[in-house]
Amino acid sequence: MSGLRVAMTVEQCWHRVPGGTAVAAIGMARALGERAGLDLVGVAARHARAAPRDFRPPLPVRHLPLPRAALYESWHRLRRPRVERATGPVDVVHATSIAMPPRSRPLVLTIHDLAFVRQPAHFTARGLRFFRRGLDLALSEADLVLCSSEATRRDCEEAGFPPARLRLVPLGVDVRPASEADVERVRRRYGLGRPYVLWTGTVEPRKNLPAVVAAMGRVGPEVELVVAGPRGWSEDLAALVARAPKPVRALGFVPGDDLRALYAGARAFCWPTLLEGFGFPVLEAMAQGTPVVTSRGTSTEELAGDAALLVDPRDEAAIGRALDAVLADGDLSARLARAGRERAARFTWARCGRLVAQAYEDVAA
């Protein structure tokens, strides 16, 4: 089948904290844009400004007349407006997050995680209402659900989706290596004169930053912790930094080019997240040859395989021991660097684009 016109939701690119769902939508859109026979158009709410530069969708975007909050509420409660009001006729609608537009055409949904089901205490009451309503609509209306990891696919099956409506579609990662000049430039820009362990992400409870801060007390005195990422919710970063046993450098949001160099310059990347649907930062660090310490028992174990040290994310002592091993053992660090690069190279956006395009063809047929 060829000549499909697909409406893809990209509203998360305008969120205050765009996060992994925006990165995923942008990566998919870019990969799909390189495939023949697809005509993609983005759908978003009404906005006075373009999306931030690092999160600008790589496809034409049409805007519905409602601002985000009103649009999401109208989609979930009134089941209107249809995306075609902005896009014109389409063959498939792809909801790239749990914000569910009406099923006016065959509907593909990407679910990255069901953290709000597994760990509801980490969400606000309003957020839980929104996500649960989206899940109810997905169960009744989505023709095909694309899961970013096997861990998410299992969670979706437990939530009630028939296995035949679930499809594993791993995401991709940018494997461009940062140069030594980039690393030095970023060190100067952010004043990083000491060896450092890196943590990245939105500062929110399930990313488990307090455990990393505590674990740093078990490593050598010459190493500091660098935190790169925007403030999210329900986590007091200033209080966390104030009681840290080691110096913590909180950089805030870091642009993509700088972030690659931050990964490359780190002695280790520590990411013992409590629950993930995929885990971009693990692969991003591996792509730069940075040894990784991450969680056992969630999708990051699936991504890392034997190319990282896996720990219980609730065991601060275990996190500290793993970090200390990477920092002290040059042979271990070199082995993880080699294995990480090889592992990250398997996760291509081209493969992701091929699988998503196949999903479109299947539901359209």
Side-chain angles (χ1 to χ4, degrees), residues 1-15 18 21-22 24-51 55-112 130-131 133-147 161 165-167 169 352-365:
M1 184 179 294
S2 61
L4 288 179
R5 191 160 195 261
V6 179
M8 172 185 284
T9 62
V10 292
E11 174 58 27
Q12 60 268 47
C13 295
W14 278 265
H15 285 188
T21 60
I26 290 167
M28 280 189 283
R30 188 172 287 122
L32 290 164
E34 295 174 357
R35 301 187 64 85
L38 280 178
D39 178 15
L40 290 179
V41 57
V43 180
R46 187 184 75 210
H47 294 282
R49 300 180 183 84
F55 296 98
R56 206 154 288 169
L59 75 172
V61 178
R62 304 291 179 260
H63 295 271
L64 288 162
L66 297 174
R68 179 191 306 126
L71 178 64
Y72 282 179
E73 185 70 13
S74 187
W75 273 357
H76 280 194
R77 297 299 169 188
L78 304 178
R79 304 308 285 140
R80 63 174 190 261
R82 296 181 173 190
V83 299
E84 290 94 332
R85 177 166 176 178
T87 65
V90 296
D91 301 297
V92 175
V93 176
H94 183 180
T96 60
S97 74
I98 202 71
M100 289 286 292
R103 187 192 179 280
S104 52
R105 298 295 295 163
L107 179 61
V108 173
L109 167 65
T110 293
I111 291 182
H112 299 295
F130 170 78
F131 288 123
R133 175 60 175 163
L135 179 58
D136 288 343
L137 292 168
L139 286 164
S140 63
E141 296 189 16
D143 293 280
L144 197 58
V145 176
L146 311 183
C147 304
F161 289 98
R165 287 169 60 197
L166 299 174
R167 192 168 294 185
V169 179
C352 178
R354 182 178 72 251
L355 294 173
V356 175
Q358 184 62 57
Y360 294 163
E361 293 192 8
D362 291 346
V363 298

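In this chain, residues are counted from 1 in sequence order.
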Distance, nearest 0.5 Å, that separates CZ of Arg82 from CG of Leu64:
13.0 Å

For Arg68 and His15, what are the C-alpha separation, side-chain angles and deciding distance, and is it a side chain to side chain contact (heavy atoms under 4.5 Å, CB included)?
CA-CA 9 Å; Arg68 179 191 306 126; His15 285 188; 3.2 Å; yes

Can you give me the closest heavy-atom contact between Leu109 and Ala142, atom names plus distance?
CB-CB, 4.2 Å

Looking at CG of Leu71 and NE2 of His76, how far apart are the two atoms once the value is rounded to the nearest 0.5 Å?
9.0 Å

d(Thr21 OG1, Phe55 CZ) to nearest 0.5 Å is 9.0 Å

Is a side-chain N or O of Trp75 found less than 3.5 angstrom from the main chain of Pro81, in a donor-acceptor match?
yes

Report the distance from atom NE2 of His63 to atom OG1 of Thr87, rounding to the nearest 0.5 Å.
12.5 Å

Out of the candidates Arg103, Arg105, Arg167, only one should pair with Asp143 under the salt bridge (charged side-chain N to carboxylate O under 4.0 Å, His left out) rule; please name it.
Arg103

Below 4.5 Å, heavy atoms only, C-beta onward: do Tyr72 and Arg133 meet side chain to side chain?
no

Say whether, by atom type as modelled, one donor and one acceptor occur between the side chain of Arg80 and the main chain of Pro101 under 3.5 angstrom.
no

Rounded distance [0.5 Å steps], CD1 in Ile111 versus OG1 in Thr96:
12.0 Å

State, yes or no, whether a side-chain contact exists between Arg85 and Arg62 at a heavy-atom distance under 4.5 Å.
no

What heavy-atom pair brings Met100 and Leu107 nearest, and what distance separates the two atoms?
CE-CD2, 3.5 Å

Check: Val169 and Val356 side chains under 4.5 Å, non-hydrogen atoms:
yes

Please name the pair of heavy atoms, one in Cys352 and one in Met28, separated by the smallest distance, quoted to 0.1 Å.
SG-CG, 3.6 Å

I'd like to check Cys147 versus Val145 (side-chain heavy atoms, cut-off strictly below 4.5 Å). Are they in contact?
yes

Between Ile26 and Pro57, the two heavy atoms sitting closest are CG1-CA, 4.4 Å

For the pair Gln12 and Ser97, evaluate side-chain hydrogen bond (donor to acceptor under 3.5 Å, both in side chains) and give the outcome as yes or no after the intermediate values.
CA-CA 8 Å; Gln12 60 268 47; Ser97 74; 4.5 Å; no

Would Ile98 and Phe130 count as a side chain to side chain contact (heavy atoms under 4.5 Å, CB included) if you check the C-alpha gap in whole Å, the side-chain angles of each, and the deciding distance to 0.1 Å?
CA-CA 9 Å; Ile98 202 71; Phe130 170 78; 4.0 Å; yes

Closer than 3.5 angstrom, by distance alone: can the side chain of Arg165 be matched with the main-chain N or O of Leu139 as a donor-acceptor pair?
yes

Tightest non-hydrogen contact, residues Leu59 and Val41, listed as CD1-C, 3.8 Å

Whether over 12 other heavy atoms sit under 6.0 Å from Arg56 CZ:
yes

Spacing of Arg46 atom CZ and Glu11 atom CD [to the nearest 0.5 Å]
11.5 Å

What's the shortest heavy-atom distance between Ala357 and Leu38, and which atoms?
CB-CD1, 4.0 Å

